Amino acid sequence: MTPDKLKLASHVTAINWNRIEDEKDVDVWNRLVNNFWLPEKVPLSNDIQSWATLTPDEQLLTMRVFTGLTLLDTLQGTVGAVSLIPDAITPHEEAVYTNIAFMESVHAKSYSSIFSTLCSTKEIDEAFRWSVENVNLQKKAQIIESYYYGDDPLKRKIASTLLESFLFYSGFYLPMYWSSRAKLTNTADLIRLIIRDEAVHGYYIGYKYQKGLEGVSAERKEELKAWTFELMFELYENEVQYTHDLYDSVGLAEDVKKFLHYNANKALMNLGYEAMFPAAVTDVNPAILSALSPNADENHDFFSGSGSSYVIGKAVNTEDDDWDF
Amino acid sequence: MSAVAAQPAVGQIASRTTSSRLIYFSSTSENTHRFVEKLRMNAARLPVYTYEDTLLAQEPYVLVLPTYGGDEGHGAVPKQVIKFLNVAENRDLIRGVIGAGNTNFGETYCLAGDIVAAKCNVKHLYRFELMGTSEDVDRVHEGLEEFWTRLPQSQAQQ
C-alpha cells in the first residue's frame with residue numbers, strides 16, 4: 001500500500017449550481033441533505049434497561065459488531081468518499097462526496113454515542129482493541145483500502161459500492177435482530193438512519209460507476225465486470241468467516257449469511273449487474289426484513305396469492321405539494 | 001424488442017400516445033428500465049425529464065414506478081409520474097401499480113406505489129428492489145398475464 005498515491009483534485013473551478021450537467025447530482029444532494037440527522041436526536045438512554053437484559057455474551061457480541069461498523073464508517077469517511085473526489089465527472093459530484101464523507105464521520109461517531117450510553121469505559125476500550133486484533137475485520141478493511149489508494153478510478157468506485165452496500169450488513173443484522181425481539185429499539189432506530197444513508201451512498205456511487213463505464217471499451221467493460229465478481233467473492237469468503245467468528249456464540253451465523261447473500265445481490269445491482277445469489281439462499285428471516293421495512297413482507301405480493309391476502313400498505317404520507325388531481 | 005417507444009399520433013402534437021399495457025418511469029439510473037426490459041413485454045417509458053411532453057395512454061395499463069427513499073416520504077412520487085397522472089384520461093385507464101424501491105428506506109419502501117394506488121384506487125400489485133431479481137421478473141411476467149385475464153371485461157377494455 002502506498003498512501004502517498006491518494007491525490008487531490010488537480011483542478012478546481014468555482015462550483016455553479018445553476019449550471020447542472022447531471023440532474024442525479026442535485027437529486028442525491030437534496031436527498032442527503034433532507035436525510036441529515038445527528039445521534040443526539042435519538043433517545044439512546046431509553047435502551048439502558050433493555051441492554052441489562054442481554055447476556056454477557058450477547059453484550060460482547062453487540063459491542064464487537066458496533067466497533068466493526070465503526071471501522072468501516074471511519075474508513076469510508078476518512079479515505080473512501082474522499083478518494084472519489086479527484087475522479088468526479090462533475091463539480092456537483094465532488095460536492096456530493098464531501099457530504100457523504102461527513103455523514104460517514106457522523107455514523108462513526110454515533111456508535112460511540114451508543115457505547116457511552118450503554119457500556120463502561122473499560123468495556124469500550126476492550127471492544128476497540130478487539131477490532132484492531134480481529135483478522136477478518138482487518139482484512140476486509142485492508143482489501144478495500146488497497147483499491148482506494150490504487151490508480152484505477154472505476155475499481156475505486158466498485159470497492160466503495162461493495163463497502164456501502166455489502167460489507168456493513170454482517171453488522172447491521174444484529175440491531176435488526178434485537179429490534180425484532182423488542183430489544184435495543186432506540187439503537188435500532190439510529191442504525192436504520194445509517195442504513196438509509198448507506199443505501200443512498202451505494203446507489204449514487206454505483207450510478208457514477210455506470211456513468212464511467214459508458215466511456216470505456218467493450219474489453220474494459222468485461223474486465224471490470226469480471227473484477228467486480230472476483231472482488232465480491234473474495235470479500236464474501238472473508239465475510240463468512242467474520243460472521244462465524246462473531247455469531248457462532250449465539251447460533252445466528254446461518255441466518256446472518258442469508259442476509260449477506262441478499263445484500264450482496266443488491267450491491268451488485270447498484271453497480272448495474274445481475275444478482276448473483278439464487279432465491280434459495282436469500283430467504284432472509286421475515287422478522288429481520290420487517291425490522292428493516294414494514295412493507296417488505298409477502299403480504300404485499302398480490303400476484304402470488306388469490307388476491308385475498310392483499311393488504312393495503314401503510315401510507316406514511318399521501319400529501320404532495322404539487323400533486324394536482 | 002421488449003420496450004417499444006410510443007409513436008406520435010396525428011392531432012396529438014402536445015403529447016405522445018401509447019397503447020402499451022405497461023407504462024413505466026425510470027430515472028437515468030435505469031434500474032426500473034432494466035427490470036421492464038427483462039419482462040420482455042410491450043412497454044412505454046415516461047419521459048425522463050419533466051420539461052418533455054408526457055404520454056397519453058390509449059388502453060388500460062399497469063404503471064411501474066420507483067421510489068427514491070428517505071425524507072419521511074415527502075416528494076416520493078417522481079414529478080414525471082405526477083405530470084402523467086395529472087392527465088385525467090391517463091388516470092381513468094390505470095388498473096394497477098408495481099413499485100420499485102429498496103427496503104433500506106424502511107417505511108418509505110415503494111411508498112410512491114402506495115400513494116399512486118391509494119390516489120387512483122387501484123391495487124399495488126407487487127414490489128421489487130432495484131432492478132429486480134430473476135424471480136421477481138418471473139412472478140411479474142406471470143402475474144401480469146393472469147391479471148389481465150382475471151380483470152372484469154369492462155375494466156380490461158377501454
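Residue numbers start from 1 in every chain, and the chains themselves are labelled A, B, ... in the order their sequence lines are given, proteins ahead of strands. Please read these numbers as outputs of a predicted model, since none were measured by experiment.
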Main chain of B:Leu111, side chain of A:Asn295: is a donor-acceptor contact present, judged purely on distance under 3.5 Å? no
Only pairs of heavy atoms separated by less than 4.5 Å count here; which of A:Ala291, A:Ser290, A:Ala279 has the most with chain B? A:Ala279
Can you say whether A:Tyr273 sits under 4.5 Å from chain B via the side chain, the backbone, both, or neither, judging by heavy atoms? backbone
Which region of A:Lys24, side chain (C-beta onward) or backbone (N, CA, C, O), has a non-hydrogen atom less than 4.5 Å from a non-hydrogen atom of chain B, or is it both or neither? side chain
Is B:Arg34 salt-bridged to A:Glu274, cutoff N-O under 4.0 Å? no
Measuring heavy-atom distances to chain A, does B:Tyr126 have an atom under 4.5 Å in its side chain, in its backbone, in both, or in neither? both
Toward chain A, the part of B:Glu129 with a non-hydrogen atom under 4.5 Å: both
Report yes if some heavy atom in the side chain of B:Tyr109 is under 4.5 Å from a heavy atom in the side chain of A:Leu292; otherwise report no. no
Could you look at B:Val140 and say if it's the side chain, the backbone, both or neither that has a heavy atom under 4.5 Å from chain A? both
Using side chain to side chain contact (heavy atoms under 4.5 Å, CB included), reason through A:Ser293 and B:Glu107 one step at a time and then give a plain yes or no. CA-CA 6 Å; A:Ser293 165; B:Glu107 294 205 336; over 6 Å; no
Nearest 0.5 Å, what's the OG-CE distance between B:Ser29 and A:Met269? 12.5 Å
In Å and rounded to the nearest 0.5 Å, what is the CG to CZ distance from B:Leu125 to A:Phe303? 4.5 Å
When rounded to the nearest 0.5 angstrom, what is the spacing between CD in A:Glu23 and OG1 in B:Thr50? 8.0 Å
Taking the side chain as every heavy atom from C-beta outward, state whether B:Asn104 and A:Tyr203 have any pair of such atoms under 4.5 Å apart. no
For the interface with chain A, which of B:Thr103, B:Leu130, B:Thr133, B:Thr28 has the highest count of heavy-atom pairs at distances below 4.5 Å? B:Thr103
A:Tyr207 side chain reached by B:Glu30 side chain, heavy atoms, under 4.5 Å: no
Side-chain heavy-atom pair A:Val200, B:Tyr68 within 4.5 angstrom cut-off: no
Atom pair CG/CG of A:Asn270 and B:Asn102 - distance to nearest 0.5 Å: 7.0 Å
Tell me, for B:Tyr49 versus chain A, whether the close heavy atoms (under 4.5 Å) come from the side chain, the backbone, both or neither. side chain
Any donor-acceptor pair under 3.5 Å from A:Arg196 side chain to B:Gly106 backbone: no
So which of A:Phe172, A:Phe36, A:Tyr204, A:Tyr169 has the largest heavy-atom pair count under 4.5 angstrom toward chain B? A:Tyr169
Spacing of CZ belonging to B:Arg127 relative to CZ belonging to A:Phe302, to within rounding of 0.5 Å: 12.5 Å
